[in-house]
Amino acid sequence: MRLGSIVLIVALCSFTAYYIYEPVPEEIEERWKLMLTNSFFRSLSHLADLCELLGLKDYMGIMYFITLAERVVPVSDEHVEVTEETFDGVEVVLYQPKQKDGDAELMRAVIYLHGGGWCLGSSRMSPYDLLARKIVTELDAVVLSVEYRLAPAHHFPVPYEDVYRVVKHFLQKGVLAKYSVDPGRVAVSGDSAGGNLAAAVSQQLQKEPGEEVRLKAQALIYPVLQALDLNTPSYQQNQDMPILPRTLMVRFWSEYFTSDKALFRAMMANTHNNPESSSLLKFVNWSAFLPETYHKKYNYTAPAVAEGAGGAGVWMDGPSRPFADPRASPLLVPDSALRSLPKAYVLTSSLLRKSRSRHTTPEIHCYHRSAESTRYLLSM
């Protein structure tokens, strides 16, 4: 083999190793699995950036390949009966335990909302299909997985409204009876953006005193709960973390609201607040709610507030800014609104929701993982 070929092979191997390798905390198991997964995500992200730059396809349109690659057709098996239905105009996948003869006992139910930054994901993805089956078999529960519409084709509040309509439809006594569900044992759950939607819908339902059936519990899996301050310790600590760096999380937020890149740039700089939305920053001041042990090296700085026309944060003027809407940022409510919520279990890498909730109600159970290990869950 000629010297030139050897040099080329060595250079190619070195570049590949450099591209794949990513500093990962030692406590994470299967670190190389995470590195390989992250290199795929980064490659796809670079391709998406290029396609958007050339005007071939928008960024999220390319990233949606992740959803398509994991897509399955949910089918019944020996333990679980699966049906695809439409509730109030929204597609859902319903998982039910296969009933045995003479089995007439009412079951619990879980309404599950998939993650994906409101732009990616599907109830028909393999991980969510497997999760629903596991819940059915281990809890003997009915699982309702919601196929809400996604941004950027459908910006806020469309995904929220889809979920809200499904939950309202399912909580009707006649519908619950049809699926043998106990009205007193219905929970809502979701991961990441799905956790955001679950929390938002729970809060909205509490405002409706005429409801005959109410949610029993919430299970929020590393939910994203506020869009006013995108420079909290969690965002800083995970700025360059694998799979979900700060840039991508901010892009998810901005695409949820609009395809106007001015908002993305303002959110990246954390200068998207105006005087009206800034009045809500007290609800996300992590220095007031986060225990001292988690402050670490971080010091609180209030986000900049854009004044007048021409500022970086004037993408949308006035209090109608959607990121200041509690339906998009469920943490932006007074303590009195948190006190009346159903019991909650929160798996989190940022303790702000837990800290605020424990100031207002004891009915919350929080399991905190380090930010590094939580992000690793995304690769599994």
Side-chain angles (χ1 to χ4, degrees), residues 108-118 121 128 131 134-135 139 141 143 146 160 163 167 185-206 214-230 232-235 237-238 241 244 249 252-253 283-295 326-378 380:
R108 56 177 69 88
V110 178
I111 302 168
Y112 197 86
L113 312 172
H114 68 79
W118 308 280
Y128 293 114
L131 175 61
K134 192 173 183 65
I135 295 173
L139 297 182
V143 175
V146 184
Y160 164 83
V163 171
V167 174
R185 294 195 298 169
V186 181
V188 64
S189 180
D191 61 289
S192 193
N196 166 284
L197 294 168
V201 167
S202 295
Q203 289 186 10
Q204 184 60 36
L205 290 174
Q206 288 302 110
R214 294 192 174 276
L215 294 170
K216 179 71 172 179
Q218 311 168 74
L220 311 178
I221 305 170
Y222 43 88
V224 281
L225 298 172
Q226 61 87 24
L228 292 193
D229 186 356
L230 301 182
T232 61
S234 180
Y235 277 101
Q237 185 176 356
N238 295 290
M241 281 298 288
L244 188 61
M249 188 64 239
F252 280 142
W253 268 122
F283 295 128
V284 297
N285 180 351
W286 59 265
S287 65
F289 300 110
L290 201 62
E292 287 280 347
T293 23
Y294 295 102
H295 284 203
R327 297 175 302 167
S329 297
L331 207 59
L332 305 184
V333 294
D335 292 349
S336 57
L338 296 177
R339 289 191 185 100
S340 61
L341 292 175
K343 293 180 180 180
Y345 170 87
V346 184
L347 170 64
T348 176
S349 63
S350 175
L351 298 182
L352 191 54
R353 166 71 182 230
K354 169 194 173 185
S355 301
R356 274 208 62 207
S357 297
R358 283 195 172 164
H359 275 76
T360 59
T361 174
E363 299 296 344
I364 179 168
H365 303 279
C366 182
Y367 177 51
H368 176 65
R369 297 178 67 97
S370 67
E372 292 84 358
S373 55
T374 299
R375 296 299 178 207
Y376 176 60
L377 290 173
L378 297 174
M380 297 173 65

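- Residues Asn238 and Met249 fail the side-chain proximity criterion, which asks for heavy atoms closer than 4.5 Å.
- Scanning both residues, Gly195 and Leu220, for their nearest heavy atoms gives O-CD2, 3.7 Å.
- No donor-acceptor distance shorter than 3.5 angstrom exists from the side chain of Asn196 to the backbone of Ser329, with no hydrogens or angles considered.
- One finds the OG atom of Ser192 at 8.0 Å from the CZ atom of Phe252 (value rounded to the nearest 0.5 Å).
- In terms of the salt bridge (charged side-chain N to carboxylate O under 4.0 Å, His left out) criterion, Lys216 has no residue partners (sequence neighbours excluded).
- In this structure, CG on Leu225 lies 14.0 Å from CZ on Phe283, to the nearest 0.5 angstrom.
- Considering all non-hydrogen atoms of both residues, Gly117 and Ala193 come closest at N-CB, 3.6 Å.
- No side-chain donor from either of Asp229 and Tyr235 sits under 3.5 Å from a side-chain acceptor of the other.
- How far OG1 of Thr232 is from CD of Gln237: 10.0 Å, rounded to the nearest 0.5 Å.
- We find the CH2-CG distance between Trp118 and Leu113 to be 12.5 Å, quoted to the nearest 0.5 Å.
- Partners of Arg214 by side chain to side chain donor-acceptor pair (under 3.5 Å), not counting sequence neighbours: none found.
- Among all heavy-atom pairs drawn from Ser287 and Asn285, the shortest one is OG-OD1, 2.5 Å.
- Taking the side chain to side chain contact (heavy atoms under 4.5 Å, CB included) definition, one finds that Ala200 meets it with Tyr160, Pro330, sequence neighbours left out.
- Side-chain contact check for Val188 versus Val201: every heavy-atom pair is 4.5 Å or farther apart.
- Residues Val284 and Leu331 form a side-chain contact, since some pair of their non-hydrogen atoms from C-beta on lies under 4.5 Å apart.
- Between Tyr112 and Tyr128, the ring planes are tilted. Angles from 30° to 60° get that label.
- Expressed to the nearest 0.5 Å, how far OG of Ser202 lies from NZ of Lys343 amounts to 14.5 Å.
- Counting only heavy atoms from C-beta outward, the side chains of Gln204 and Pro326 never approach each other to under 4.5 Å.
- The main-chain N or O of Leu332 is never found under 3.5 Å from a side-chain atom of Gln226 such that the two would form a donor-acceptor pair.
- The two residues Gly190 and Ala198 make their nearest non-hydrogen contact at N-CB, 4.4 Å.
- Nearest approach of Gln203 to Leu338, heavy atoms of both residues: NE2-CD2, 4.0 Å.
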